[in-house]
Amino acid sequence: NGIDLSINRGEVVGIVGPNGAGKSTLLRVIAGIYAPDQGNMKSKGRIALLAGLGAGFQRNLTGRENIFLSGSIYGMSRQELYDLIPSIVVYSGIGSFIDQPLRTYSSGMKARLAFSIASHLTPDILLIDEVLAVGDSAFREKSKARILDMVKSDATVIIVSHNEATLKEICDRFICL
C-alpha cells in the first residue's frame, strides 16, 4: 500500500521485509501479472520474472519440450531457444534426461532445469523472487554466480530475498517493506 518507487536503468535493488509484507506481490505488479489496485506502474523494456521455478512445466513433456514451452512464455523465439538448448542442458547438469518426461525427474532436477532456462534470458528488467536456494549446495553456488553475472550486465535487477548477505553483496540499494 502506498508505494511510490522509481528504479533507474541498470540499478540493482534488493527488496526485504517480513513474510506477507508484499515483496512478491510488488514484483508481480512490476511484471504485469497483477494490476495495481490504485495508481499505475510504468516500465520500459522486456521483463523476466524468476519466481516459482518450474511453474508452467508440463510433467508429460520432455525437458527439451519444456524448454520450448517455458521460453515461449518468456517471449523467446523458437530459433533463440533452439540455439540455447545445448547451453541450458549443460548448465542444468541433467544430461541425457533432457529427452525424458519431466515426471521422471527429481524435484532438484526440475528446479535446476527451470533455473537454467530462466538464467539464459536476456531481459532489460530482471525480477528475482527467492530463487537463490535452488538445488544442492554446488548448484546454489553456481546459481549465485550466474545471478551475479546477470547483475553485472546493463539490465535493471530487482531481487527479493531473505539472504541479506547476498543482497548486500550485489545490490546498489535496499527497499524495506
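Small disclaimer: the values here were computed from a predicted structure and weren't measured. Below, each value reflects all heavy atoms present in this structure, side chains not excepted, and no hydrogens, waters or symmetry copies.
Each side-chain hydrogen bond (donor to acceptor under 3.5 Å, both in side chains) pair with one or both residues in residues 82-93, not counting sequence neighbours, appears once here: Q79-D83, S87-H120. Residue pairs meeting the salt bridge (charged side-chain N to carboxylate O under 4.0 Å, His left out) criterion with at least one partner in residues 13-25, sequence neighbours excluded, do not occur; the list is empty. Residue pairs that meet the salt bridge (charged side-chain N to carboxylate O under 4.0 Å, His left out) test with at least one member in residues 91-109, sequence neighbours left out, are R64-D99.
Scored by the side chain to side chain contact (heavy atoms under 4.5 Å, CB included) test, S6 finds no partners at all (sequence neighbours excluded). In this view, E169 and K144 satisfy the salt bridge (Lys or Arg N to Asp or Glu O under 4.0 Å) rule, not counting sequence neighbours. With sequence neighbours excluded, the residues that form a salt bridge (Lys or Arg N to Asp or Glu O under 4.0 Å) with R173 are E11. Remark: R78 pairs with F68 by the side chain to side chain contact (heavy atoms under 4.5 Å, CB included) rule, at least two apart or across chains. When the side chain to side chain contact (heavy atoms under 4.5 Å, CB included) test is applied to R9, the partners found at least two apart in sequence or on another chain are D154, T156. E65 meets the salt bridge (Lys or Arg N to Asp or Glu O under 4.0 Å) test with no other residue; sequence neighbours excluded. With sequence neighbours excluded, the residues that form a side chain to side chain contact (heavy atoms under 4.5 Å, CB included) with P36 are V29. For D4, there are no salt bridge (Lys or Arg N to Asp or Glu O under 4.0 Å) partners at least two apart in sequence or on another chain.
More than 12 heavy-atom neighbours from other residues, nucleotides or ligands sit within 6.0 angstrom of CD on Q100. Shown here is F97, whose CZ atom has no more than 12 heavy atoms of other residues, nucleotides or ligands within 6.0 Å.
In this structure, I170 and V157 have side chains that are not in contact, with every pair of non-hydrogen atoms separated by 4.5 Å or more. Between I3 and L177, some side-chain heavy-atom pair lies under the 4.5 Å cut-off. A heavy-atom distance below 4.5 Å is found between the side chains of L102 and L113.
Considering all non-hydrogen atoms of both residues, V16 and F174 come closest at CG1-CD2, 3.9 Å.
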For residues 41-51, dump all side-chain donor-acceptor pairs below 3.5 Å to protein atoms at least two apart in sequence or in another chain.
none

